[in-house]
Amino acid sequence: MTSIDYSEGRRSNGDLAILWRIVSLAFRYRRRIGLALGATVVAAAFQLAIPRLLGNAVDSALLSLDDTTIDIETARNALWATAGLLFGASVLRGAFTLVHNYCGESIGHLIGYHLRLRFYGKLQELSFSFHDRVHTGDLVTRGMLDIEGVRMLVNMGILR
């Protein structure tokens, strides 16, 4: 009978320290993070405006059906104006989402560049005996996967 070690599932202070180091790397680019977060807030505001505009359009259409004094041209113009507002809100939401995605990706790539330089520098400092024992390809593969994970964490985890 084998014993099971449940301690691996627990978060340690080392995990939090690593997360804090990643966040501190991201905050080297404060302007881009501020721009990305601001664009996210504005995009969310436009996303929340779309149902309100649709609700107002339905309400005004129902009121115009009950009111016999409103002619068809006035109702049509009101619907076209609402359609224009919906289209404008959707385009602006998309534009601000684009800014958010661009800033997040650029921060991630800048951090990845910085980490790759540090990783390759560390590989070059290691002794020959270390490289005799460990396959360099395995090191590079693990390093690139870790760096890609950090890059994605910044965009998907911190900014979103």
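Quick caveat, the model's predicted, so the values are computed rather than measured.
Considering all non-hydrogen atoms of both residues, Arg151 and Gly108 come closest at CG-O, 3.0 Å. Of all non-hydrogen atoms in Ala89 and Leu53, the two that sit nearest each other are CB-CD1, 4.2 Å. Between Arg116 and His109, the shortest heavy-atom contact is NH2-O, 4.4 Å. Pairing each heavy atom of Ala39 with each of Val99, the nearest pair is CB-CG1, 3.8 Å. Contact record, Cys103 with Arg32: CB-O, 3.7 Å, taken as the closest heavy-atom pair. Contact record, Leu139 with Phe119: O-CZ, 3.2 Å, taken as the closest heavy-atom pair.
Leu48 and Phe96 are not part of a single hydrophobic cluster, where members link through side-chain heavy atoms under 4.5 Å apart. In terms of hydrophobic clustering, with Ile, Leu, Val, Met, Phe, Trp and Tyr side chains grouped at heavy-atom distances under 4.5 Å, Met156 and Tyr102 are assigned to different clusters. Under a hydrophobic-cluster definition in which Ile, Leu, Val, Met, Phe, Trp and Tyr are linked whenever side-chain heavy atoms come within less than 4.5 Å, directly or via other members, Leu85 and Phe87 are assigned to different clusters. Residues Leu153 and Ile147 fall within the same hydrophobic cluster, defined by Ile, Leu, Val, Met, Phe, Trp and Tyr side chains chained together at heavy-atom separations under 4.5 Å. Linking Ile, Leu, Val, Met, Phe, Trp and Tyr residues whenever their side-chain heavy atoms come within less than 4.5 Å leaves Ile50 and Leu92 in two separate clusters.
At least one side-chain heavy atom of Leu25 sits under 4.5 Å from a side-chain heavy atom of Leu115. The shortest distance between side-chain heavy atoms of Thr82 and Asn56 does not fall below 4.5 Å. Proximity of Leu19 to Asp15: side-chain heavy atoms (C-beta onward) are nowhere separated by under 4.5 Å. Looking at Ile33 and Leu37, their side chains come closer than 4.5 Å, going by heavy atoms from C-beta outward. Counting heavy atoms from C-beta on, the side chains of Asn101 and Thr97 come closer than 4.5 Å. At a threshold of 4.5 Å between non-hydrogen side-chain atoms, the residues Leu110 and Arg28 do not count as touching. Within the 4.5 Å cutoff, side-chain heavy atoms of Glu148 are placed close to those of Met152.
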Between Ile22 and Ile18, is the side-chain contact (heavy atoms from CB on, under 4.5 Å) condition met? List the steps. CA-CA 6 Å; Ile22 294 170; Ile18 291 169; 4.2 Å; yes

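Atom CG of Leu35 and atom CZ of Arg31 lie 11.0 Å apart (nearest 0.5 Å).
Put simply, the side chain of His131 gets close to the backbone of Leu123: a donor and an acceptor are under 3.5 Å apart.
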